[in-house]
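Being a predicted model, the structure only gives us computed values, none of them experimental.
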Amino acid sequence: MKTVQELVNVISDVTVKGAVDMAVSHITADSREVKAGSLFICLTGAHVNGHDYVNKAVEAGAVAILASEPIEVSDTVTVLTVKDTRIAMQQCVPFFYDYPGCKMRMIGVTGTNGKTTTTHIIGHILRAQGYKVGIIGTVHVMIGDKTYPIHNTTPDVVDLQHILSQMVAEGVTHCIMEVSSHALALNRVAGVEYDTAVFTNLTQDHLDFHKTFENYLAAKCKLFEQVSAPNQHKKNKGAVINIDDPYGERVMAKNSAPLITYGTKGKGTLEGENLTITAKTSAYDIVYEGKEYPIHMRITGLFNVYNTLAAIGACLFEGVSMEDIIKALSDFTAVPGRFELVEEGQPFAVVVDYAHTPDGLENILQTAQKIVERHIIVVFGCGGDRDVTKRPIMGRIAAQYGDGIFVTSDNPRTEDPEKIVAQVAEGVKEGLREGSVYTVITDRRSAIHAAIKAAKAGDVVIIAGKGHEDYQILKDKTIHFDDREVAREALKER
C-alpha cells in the first residue's frame, strides 16, 4: 500500500488535482478490476481508450485516476495528469509493489523458438537443488508447484509486477521468464533487474508488430543491454548466447556481462558433441572447460539439444555444478505441446507441437525426418492478425519435408480463415515435391481426423501450430479446442 503522494514522487512531469494523502491499495489499467482504493490507469490502445471508462472506475471505488487526457470526476477523486500514461505506469507500478524483480534471481530467456522448453529445463534443474522456482511464460505462470493461466508470453507491467510480488511473498528464490520481443519493445519489463539473460535463436516472426527484422533483433538485444547495465542492485550477472545462430554474434555485441556461448559446431564455450537422437530420447556429450560429461535425456530433437545447452549455461551462472545439472536432467520430460507424443497404441507416431514460425516448423520436421520409417504427414496453418509474410514460407517448408500435407486453420482471429489457408497453400504448391500431395481442409478438427485416417505403420503425423493451447480464436468467439484431445479422438475412431 502506498499513498497518492508517494506514487506522485516517482512519476515524472505529473500534474495533481485533488488530495494526495489517501492510501492506494491496488493499481489496475482494467476498469473491470477496479475496487475500493484503486488507482485506475487510463491506457490508450489500438481498440480501447481507458479514458472512456473513468466513470465506471470511479463508481467501482477508484480513489485516483492516472490520465493523459482531460477528464471530469468528483472532487473526492484525485486526478494525476501526465503526457504518457504508459511511461508513468512503468515508473509507479514497480515502486508500488516494492520492486519485486530486484528481490529474486531473475533469469530472462528470449529468442524466436525454444523459450518455453528452456525455461522449464532451467526450473527443473534449480528445483532439484532445493530452490523454490517461479516460471512466467507462454504456457502458464508457475509459483512453486501451483500453476495459473496467462494471456501474454510476458504480461503487462501491472500483471507482471503483481505476479512477481506474489512470488516474493511465497518465498520464490529464482524466477525464470520468457521475455518476448513485444515486452522488450514496449518495456513491459520495467522495474525488473535481470541476473542472467539467455538467447536461444532468431528467425522471422512478429514482423506485423516490429515491421522490420532489424527492429525485431534490436528488441531482443535490449535484454542483454539491461543485464549489462552498470549500477545495478544485484551482483553475479551473466549472458548465455547461442553462438551457432546467425545472429548470436550480433547479440554478443550488445552484451558486456560475463558470457557463456553454446552450440554443437565447435564454436561455443559449452558444446554438445557426439549426438544420438531417437524418436523419444537424445544422448550426447557436453564439453565445458576441458571436461566431457555424457548426458541421456528423455526428450528428442536437435532443437532440444540447443534448449538444454541454453538451460545448462543459465544454471552454471546460478552456481550449480555440472555434475548436479546432469543428474537433474536425466529425469526431465517434455513440456506440454512441445514435441508431445500422443499414444493410443497406434503403429505410427503422432506429435503435437507449438511450432508456429518457419524455423520452428522446420526444426520439428527435420526431427521427424530423422525418426520416420515411412512418410511424414503434416497438419498446420497460420494464425490470423499476425505476420502475413511467413504464411507462404511455412507452406514451402511443409512441402519440402512432408509427404502428405493438410493445410488447415489455426487461430484465424478477425481474418477470413479461407484467405489464410489460401496464402499458406500457395507456398505449399510452390515447394511440392514429386510424389507428395496436399489437401486444404479449413476445419481443423476435420483436418486432424483426415491426417490420422491417412497414416500407415511407420509414418509420423506432425500436428503443428497450437501445441499446449486448448482454445481456438474465431472472429466472434473463442471455442475449446485441443489438438491432443482431437488427435486421441481420431486415433480411437480408427
Is the shortest side-chain N to carboxylate O distance from Arg433 to Asp403 below 4.0 Å? yes
Is Asp84 paired with Arg86 through a side-chain N to carboxylate O contact shorter than 4.0 Å? no
Between [Y] and [X], do the side chains contain a donor N or O and an acceptor N or O under 3.5 Å apart?
X      : Y      : result
Asp359 : Thr357 : no
Tyr401 : Gln366 : yes
Tyr306 : Thr264 : yes
Asp52  : Asn49  : no
Thr442 : Glu418 : yes
Thr116 : Glu178 : yes
Lys475 : Thr414 : no
His468 : Asp482 : no

With the side chain counted from C-beta on, respond yes when [X] and [Y] share a heavy-atom pair under 4.5 Å apart, and no when they do not.
X      : Y      : result
Val227 : Asn255 : yes
Val172 : Ile143 : yes
Leu270 : Ile312 : yes
Leu316 : Ile325 : yes
Glu426 : Arg391 : no
Glu318 : Leu126 : yes
Ile107 : Phe317 : no
Val93  : Met89  : yes

Can a donor-acceptor pair be found, under 3.5 Å and without considering hydrogens, that links the side chain of [X] to the backbone of [Y]?
X      : Y      : result
Glu249 : Asp245 : no
Ser38  : Phe40  : no
Asn242 : Gly248 : no
Thr300 : Thr278 : yes
Gln90  : Leu186 : yes
Thr408 : Ile441 : yes
Lys390 : His356 : yes
Ser282 : Ile299 : yes
Gln161 : Val158 : no
Lys115 : Gly111 : yes

Could you work out, with side-chain hydrogen bond (donor to acceptor under 3.5 Å, both in side chains) as the rule, every residue matching Thr173, not counting sequence neighbours? none
Can you name the residues that form a side-chain hydrogen bond (donor to acceptor under 3.5 Å, both in side chains) with His140, not counting sequence neighbours? His120
Tell me, yes or no, whether the heavy-atom count around [X] atom [atom1], taken from other residues, nucleotides or ligands under 6.0 Å, exceeds 12.
X      : atom1 : answer
Arg32  : CZ    : no
Tyr53  : OH    : no
Glu344 : CD    : yes
Asp145 : CG    : no
Lys267 : NZ    : yes

Roughly how far apart are [X] [atom1] and [Y] [atom2], rounded to 0.5 Å?
X      : Y      : atom1 : atom2 : answer
Ile364 : Asn304 : CD1   : CG    : 11.5 Å
Tyr354 : Thr117 : OH    : OG1   : 11.5 Å
Lys453 : Leu491 : NZ    : CG    : 13.5 Å

With sequence neighbours left out, the residues meeting salt bridge (Lys or Arg N to Asp or Glu O under 4.0 Å) with Glu170 are Lys146
Just jot down the salt bridge (Lys or Arg N to Asp or Glu O under 4.0 Å) partners of Glu33, sequence neighbours excluded, or say none. none
Before giving the answer on side chain to side chain contact (heavy atoms under 4.5 Å, CB included), spell out for Asn274 and Tyr284 the whole-Å C-alpha distance, their side-chain angles and the decisive distance to 0.1 Å. CA-CA 5 Å; Asn274 307 318; Tyr284 49 99; 5.7 Å; no
Give every residue pair that meets the side-chain hydrogen bond (donor to acceptor under 3.5 Å, both in side chains) criterion with at least one member in residues 456-467, sequence neighbours excluded. Arg374-Asp459, Asn411-Lys466, Lys466-Glu469
Using the rule given for side-chain hydrogen bond (donor to acceptor under 3.5 Å, both in side chains), can you reason through Ser409 versus Asp443, listing the C-alpha separation, both sets of side-chain angles and the distance that settles it, and then say yes or no? CA-CA 6 Å; Ser409 191; Asp443 179 74; over 6 Å; no
Considering all heavy atoms, the nearest [X]-[Y] contact:
X      : Y      : value
Leu217 : Tyr247 : CD2-CD2, 4.0 Å
Pro155 : Ile163 : CG-CD1, 3.9 Å
Gly123 : Ile135 : CA-CD1, 4.4 Å
Val388 : Pro392 : O-CD, 3.8 Å
Ile463 : Ala487 : CD1-CB, 3.9 Å
Gly301 : Thr367 : CA-OG1, 3.5 Å

Please assess Asp285 against Ile295 for the test side chain to side chain contact (heavy atoms under 4.5 Å, CB included), listing each intermediate value before the final yes or no. CA-CA 6 Å; Asp285 296 323; Ile295 181 167; over 6 Å; no
Dump the intermediate steps for salt bridge (charged side-chain N to carboxylate O under 4.0 Å, His left out) on Glu214 and Arg250, then the final yes or no. CA-CA 11 Å; Glu214 282 298 315; Arg250 295 274 301 275; 2.7 Å; yes
Could you check whether the rings of Phe224 and Phe199 sit parallel, tilted or perpendicular, using 30° and 60° as the cut-offs? perpendicular
Verify side chain to side chain contact (heavy atoms under 4.5 Å, CB included) between Lys429 and Tyr438, making sure each step is shown before the conclusion. CA-CA 8 Å; Lys429 276 189 277 190; Tyr438 82 97; 3.1 Å; yes
Show me, pair by pair, the donor-acceptor contacts under 3.5 angstrom made by side chains of residues 375-384, not counting sequence neighbours?
none

Glu489 vs His449, test: side-chain hydrogen bond (donor to acceptor under 3.5 Å, both in side chains). Steps then yes/no. CA-CA 8 Å; Glu489 178 187 292; His449 274 258; 2.8 Å; yes
